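Below you'll find the structure, written out as structure tokens, and then a few comments.
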2 protein chains.
Amino acid sequence: MSNTTPRRLDDQLCFAFYSASKKFNHFYQDALKPFHLTYPQYITLLALWETSPMTVRELGSHLNLDSGTLTPLLKRLEKQGWISRKRSEQDERQVNVSVTDYALDKRDEVYARVNDCIDLMSFDGVDYQQLITQIHQVMGELDDISTKDLIHEA
Amino acid sequence: MSNTTPRRLDDQLCFAFYSASKKFNHFYQDALKPFHLTYPQYITLLALWETSPMTVRELGSHLNLDSGTLTPLLKRLEKQGWISRKRSEQDERQVNVSVTDYALDKRDEVYARVNDCIDLMSFDGVDYQQLITQIHQVMGELDDISTKDLIHEA
DNA sequence: GATGGATTAATCGTGTGCAACTAAATTGCT
DNA sequence: AGCAATTTAGTTGCACACGATTAATCCATC
């Protein structure tokens, strides 16, 4: 057996991401409450406000979500009037997801609300760009590992 | 209406945390597969390997999880033999959660497995301690905001 | 044109996460 | 002692997240 010492730093790093992600989620949940949107629903709309329509597959590769997550989420967004789903005629396997006029109308209002909430924070000692860069670096490492066959036992 | 310009950086930061957290989760999921443990179950055990027993409330404040999440999670850990739950005799409201002998036996094996997997990553350009510090700083901001009454409309 | 393999979205099952509520026990106050 | 407020864990309902499977469609090759 190899080293059995707890890796405090690595675990702490992971736990920090885990906790921060939950806190951000809660923050956006509050900010988006007037629109009855969750954070995953919000980033889905963000992607669609940039490019619409997109297939479920395209959306999923932008957001790193599979159809098992997206399909029910999209159905909820559709029911609330933000998007429409229509099976492609060229390729009946695909479903094109588009923002509705309602979503286009509401867009600036949503942005304004999110901005107002973000303005309440003062990220003083935090170097955004460098922080994001470091996170991407860590994610790169995780990607490299996951794709490699690190799992050799049962 | 205030500024309606998308806050790319803030959203990117949040999305980075969101994605990194999911990737870490997946990484630990793979690493812990031999033990049939999820990441939340793992950090629960980590906490209990340090201090056992703990009440559900104490565990929850360590992990930032409420009883709605912990109770079913703990029941699963109990069913798999890692922990035991016993209602306190001094205060019947509380439930004391303890690691079992099985969990104590397996501890080093789990640590070794996690360490082996972490060793496959080379966090070259990443300054751990500084990264963790920055994340904590961001979380501090989020805490300050969440507790304030930033939500003024319906 | 038929057929096997690939692609796409949907479905199913399990496990978080959390808000809201409930039930039981404890504490505090009079 | 008696009763209201508080604390604690559990329960319920909803929304991700994802692995595994399914069903329909498309494509390639014959």
Side-chain angles (χ1 to χ4, degrees), chain A residues 15 18-30 32-33 35-44 53-61 63-80 82-83 85-97 146 151, chain B residues 15 18-30 32-33 35-44 53-61 63-80 82-83 85-97 146 151:
Chain A
F15 187 68
Y18 169 75
S19 304
S21 177
K22 286 197 298 177
K23 275 189 205 299
F24 262 116
N25 191 62
H26 185 262
F27 169 80
Y28 275 89
Q29 213 86 23
D30 279 350
L32 296 166
K33 193 166 287 174
F35 307 101
H36 305 293
L37 288 171
T38 66
Y39 176 68
Q41 290 167 3
Y42 168 69
I43 56 175
T44 302
M54 268 195 280
T55 68
V56 173
R57 169 127 201 70
E58 287 166 338
L59 251 180
S61 61
L63 306 177
N64 301 310
L65 293 172
D66 73 355
S67 66
T69 302
L70 274 178
T71 298
L73 185 153
L74 293 172
K75 282 182 181 174
R76 282 186 283 272
L77 280 179
E78 187 180 37
K79 192 190 291 184
Q80 302 189 295
W82 295 94
I83 63 161
R85 301 185 308 139
K86 201 166 56 184
R87 210 156 266 278
S88 160
E89 291 176 2
Q90 296 83 41
D91 186 339
E92 296 253 337
R93 290 171 305 181
Q94 300 180 359
V95 167
N96 286 118
V97 183
S146 321
I151 314 297
Chain B
F15 188 68
Y18 168 75
S19 304
S21 176
K22 287 197 300 177
K23 277 190 204 300
F24 262 114
N25 191 62
H26 184 262
F27 169 80
Y28 275 89
Q29 213 86 22
D30 279 351
L32 297 166
K33 194 165 285 172
F35 307 101
H36 305 294
L37 288 172
T38 66
Y39 176 69
Q41 289 166 3
Y42 167 70
I43 56 175
T44 302
M54 267 194 281
T55 68
V56 173
R57 169 125 200 73
E58 286 166 338
L59 252 178
S61 61
L63 306 175
N64 300 312
L65 292 171
D66 71 356
S67 67
T69 302
L70 274 177
T71 298
L73 185 154
L74 293 173
K75 282 183 181 173
R76 283 187 280 272
L77 280 179
E78 186 179 38
K79 193 191 291 183
Q80 301 187 297
W82 295 94
I83 63 162
R85 301 186 308 140
K86 200 167 57 182
R87 210 156 267 279
S88 160
E89 291 176 2
Q90 296 82 42
D91 185 340
E92 296 254 337
R93 290 171 304 180
Q94 300 181 358
V95 167
N96 287 119
V97 183
S146 320
I151 314 297

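Please read all numbers here as calculations on a predicted model, not as lab measurements. Letters A, B, ... are given to chains in the order of the sequence lines, protein chains preceding strands, and every chain is numbered from 1.
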Q) Any side-chain N or O of A:Gln41 under 4.0 Å from OP1/OP2 of D:dC16? A) yes
Q | Below 4.0 Å: OP1/OP2 of C:dG17 and any side-chain N or O of A:Tyr18 | A | yes
Q.
Just to be sure I understand the rule, does A:Leu73 reach a base, reach only the sugar-phosphate, or reach nothing, if contact means heavy atoms closer than 4.0 Å?
A. sugar-phosphate
**Q.** Whole-Å distance separating the CE atom of B:Met54 from the C1' atom of D:dA9
**A.** 16 Å
Q) Considering heavy-atom distances to DNA chain D, does A:Pro40 or B:Thr69 have its closest nucleotide positioned more toward the 5' end? A) B:Thr69
Q) Taking the six-membered ring for Trp, are B:Tyr39 and A:Tyr18 parallel (under 30°), tilted (30 to 60°) or perpendicular (over 60°)? A) perpendicular
(Q) Taking the nucleotide of DNA chain C with the nearest heavy atom to each, does B:Gln80 or B:Ser67 sit closer to the 5' end? (A) B:Gln80
Q.
I want to verify a distance call: between D:dC16, D:dT11, C:dT8, whose nearest atom is closest to the A:Gln94 side chain?
A. C:dT8
Q. When you check the phosphate oxygens OP1 and OP2 of C:dT11, does a side-chain N or O of A:Lys75 lie under 4.0 Å from one of them?
A. yes
Q.
Without decimals, in angstroms, what is the distance between A:Glu92 CD and D:dC27 P?
A. 12 Å
Q | Closest non-hydrogen atom pair, A:Gln80 against A:His36 | A | OE1-O, 3.6 Å
(Q) From OH of A:Tyr39 over to P of C:dG17, roughly how many Å is that when rounded to an integer? (A) 16 Å
Q: Keeping the roles fixed (side chain from B:Glu78, backbone from B:Lys75), state whether a donor-acceptor pair exists under 3.5 Å.
A: no
(Q) On the nucleotide D:dG19, are OP1 or OP2 found under 4.0 Å from the side-chain N or O atoms that B:His26 carries? (A) yes
Q: Grab the CG-P distance between A:Leu63 and D:dC16 for me, whole Å please.
A: 12 Å
Q: Examine C:dT7: is either OP1 or OP2 under 4.0 Å from a nitrogen or oxygen in the side chain of A:Arg93? Give yes or no.
A: no
Q: For B:Phe24 and D:dC18, give me the distance from atom CZ to atom P, rounded to whole Å.
A: 15 Å
Q. Does A:Arg85 make a side-chain N or O approach to OP1 or OP2 of C:dA10 shorter than 4.0 Å?
A. yes
Q. Over how many whole Å does the gap from B:Lys33 atom NZ to C:dT14 atom P extend?
A. 17 Å
Q. D:dC16 phosphate, OP1 or OP2: any side-chain N/O from A:Thr38 under 4.0 angstrom?
A. yes
Q. Taking atom CZ of A:Arg57 as the centre, does the number of heavy atoms from other residues, nucleotides or ligands within less than 6.0 Å exceed 12?
A. no
Q: Could you state the atom-to-atom distance from CG of A:Leu74 to C1' of C:dA10 in whole Å?
A: 12 Å
Q: Could you check whether B:Asn64 gets within reach of a base, just the sugar-phosphate, or nothing at all, counting any heavy atom under 4.0 Å?
A: sugar-phosphate
Q) Quick one: is C:dT14 close enough that its OP1 or OP2 comes under 4.0 Å of any side-chain N or O from B:Arg76? A) no
Q | Shortest side-chain distance from B:Asp66, nucleotide among C:dA9, C:dA19, D:dT11 | A | C:dA19
Q. Hey, does B:Glu58 reach any base, or is it just sugar-phosphate, or nothing, if we go heavy atoms under 4.0 Å?
A. nothing
Q: Can you label the angle between the A:Phe24 ring and the A:Tyr28 ring as parallel, tilted or perpendicular, going by 30° and 60°?
A: tilted
Q: State whether the side chain of A:Asp30 and the backbone N or O of A:Lys33 hold a donor-acceptor pair below 3.5 Å, judged by distance alone.
A: no
Q | Contact under 4.0 Å: A:Thr71 side-chain N or O vs C:dA10 OP1/OP2 | A | yes
Q.
Can you identify which nucleotide, out of C:dT26, D:dC18, D:dG10, has its nearest atom closest to the B:Asp91 side chain?
A. C:dT26
Q) Nearest-Å distance, CG (B:Asn25) to C1' (C:dT14)? A) 13 Å
Q: Consider the side chain of A:Lys22, meaning its heavy atoms from C-beta on, and name the nucleotide among C:dT26, C:dA10, C:dG17 that approaches it most closely.
A: C:dG17
